[in-house]
Amino acid sequence: MQKGDRIILQQAGEDVGAIILESEFEKLDYLIAELKPSQFLPEEEAYYEDERGIHCIYPDELVEDIDNILADVNEFHELFGLLPTEEMGEDVDICIPVAILMSVDRFWVPEYLIAENLSRK
């Protein structure tokens with residue numbers, strides 16, 4: 001993957017997941033937070049915050065268990081971080097994902113959010 005690349009995974013012609021670089025994932029997260037402000041006060045936000053982490057896996061683990069992983073991504077909106085491998089020239093001892101696998105629902109920013117944000121400006 002190169003800077004800015006995004007991969008949409010399809011099964012039977014239907015979008016089932018998206019893989020984006022970790023830095024792009026952070027930008028997307030900030031964009032969603034800006035477009036769709038929380039309904040909670042800051043102290044409530046901390047209480048109701050989704051505390052599930054990102055499952056870190058190696059690319060070969062993704063290939064081996066793709067059906068179960070995609071089911072978790074689509075049904076439970078789980079996030080999977082793809083860890084760097086030696087072939088990528090990265091230090092394998094670190095546990096920082098280089099890319100994130102997420103549901104397509106989380107990947108596509110709804111047009112109505114963008115339109116609402118533009119109308120406020």
Side-chain angles (χ1 to χ4, degrees):
M1 289 183 76
Q2 300 297 317
K3 185 175 181 178
D5 283 351
R6 297 175 177 140
I7 299 171
I8 302 296
L9 304 175
Q10 292 187 328
Q11 246 177 2
E14 196 171 313
D15 295 347
V16 293
I19 299 175
I20 64 174
L21 293 173
E22 191 272 337
S23 58
E24 294 293 314
F25 173 74
E26 288 180 16
K27 290 178 191 175
L28 180 63
D29 212 27
Y30 289 129
L31 175 65
I32 293 295
E34 182 180 313
L35 291 176
K36 186 178 178 183
S38 175
Q39 62 185 0
F40 302 111
L41 296 171
E43 58 273 5
E44 293 173 319
E45 184 73 33
Y47 179 78
Y48 290 108
E49 186 175 66
D50 182 7
E51 301 218 5
R52 290 184 287 180
I54 297 176
H55 307 285
C56 292
I57 58 174
Y58 288 102
D60 57 337
E61 293 174 280
L62 173 64
V63 172
E64 290 171 8
D65 201 19
I66 187 86
D67 291 329
N68 290 327
I69 290 172
L70 286 177
D72 287 346
V73 165
N74 288 309
E75 291 176 36
F76 307 113
H77 298 285
E78 295 288 338
L79 298 171
F80 286 85
L82 301 176
L83 296 171
T85 63
E86 289 179 8
E87 291 81 23
M88 295 177 184
E90 299 286 338
D91 182 6
V92 182
D93 291 338
I94 61 172
C95 189
I96 300 173
V98 292
I100 305 292
L101 169 62
M102 68 176 73
S103 76
V104 173
D105 295 338
R106 190 171 188 163
F107 175 73
W108 296 115
V109 177
E111 288 186 29
Y112 75 89
L113 285 178
I114 296 170
E116 282 179 13
N117 192 32
L118 289 175
S119 68
R120 285 188 230 151
K121 290 183 178 183

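Side-chain atoms are counted along with the backbone in the values below, which use heavy atoms only and exclude waters and symmetry mates.
- Across Pro97 and Cys56, no two heavy atoms sit closer than the pair CD-SG, 4.2 Å.
- Here the CD atom belonging to Glu22 is positioned 8.0 Å from the CD1 atom belonging to Ile96, to the nearest 0.5 angstrom.
- Between the side chain of Glu61 and the backbone N or O of Tyr58, at least one donor-acceptor pair lies under 3.5 Å.
- The distance from atom CZ of Phe107 to atom CD1 of Ile8, rounded to the nearest 0.5 Å, is 4.0 Å.
- Taking CG of Asp60 as the reference point, atom CG of Leu82 lies at 10.5 Å (rounded to 0.5 Å).
- One distance of note links OG of Ser103 with CD of Glu78; it measures 10.5 Å at 0.5 Å rounding.
- Between the side chain of Asn74 and the main chain of Val16, a donor-acceptor pair closer than 3.5 Å is present.
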request  = Kindly indicate, with the supporting measurements, whether the criterion side-chain contact (heavy atoms from CB on, under 4.5 Å) is fulfilled by Arg106 and Leu79.
outcome  = CA-CA 10 Å; Arg106 190 171 188 163; Leu79 298 171; 3.3 Å; yes
key: Evaluation steps, side-chain contact (heavy atoms from CB on, under 4.5 Å), between Met102 and Leu28   = CA-CA 12 Å; Met102 68 176 73; Leu28 180 63; 4.0 Å; yes
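- Smallest separation of non-hydrogen atoms from Ala99 and Ile19: CB-CG2, 3.9 Å.
- Within 6.0 Å of the CD atom in Gln10, the count of heavy atoms belonging to other residues, nucleotides or ligands exceeds 12.
- Separation of atoms CD (Glu75) and CG (Leu70) is listed at 11.0 Å; rounding is to 0.5 Å.
- If you take CD1 on Ile7 and CG on Leu101, they are separated by 10.0 Å, rounding to the nearest 0.5 Å.
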Pair Ile57-Ile69, side-chain contact (heavy atoms from CB on, under 4.5 Å): steps then yes or no = CA-CA 10 Å; Ile57 58 174; Ile69 290 172; 3.7 Å; yes
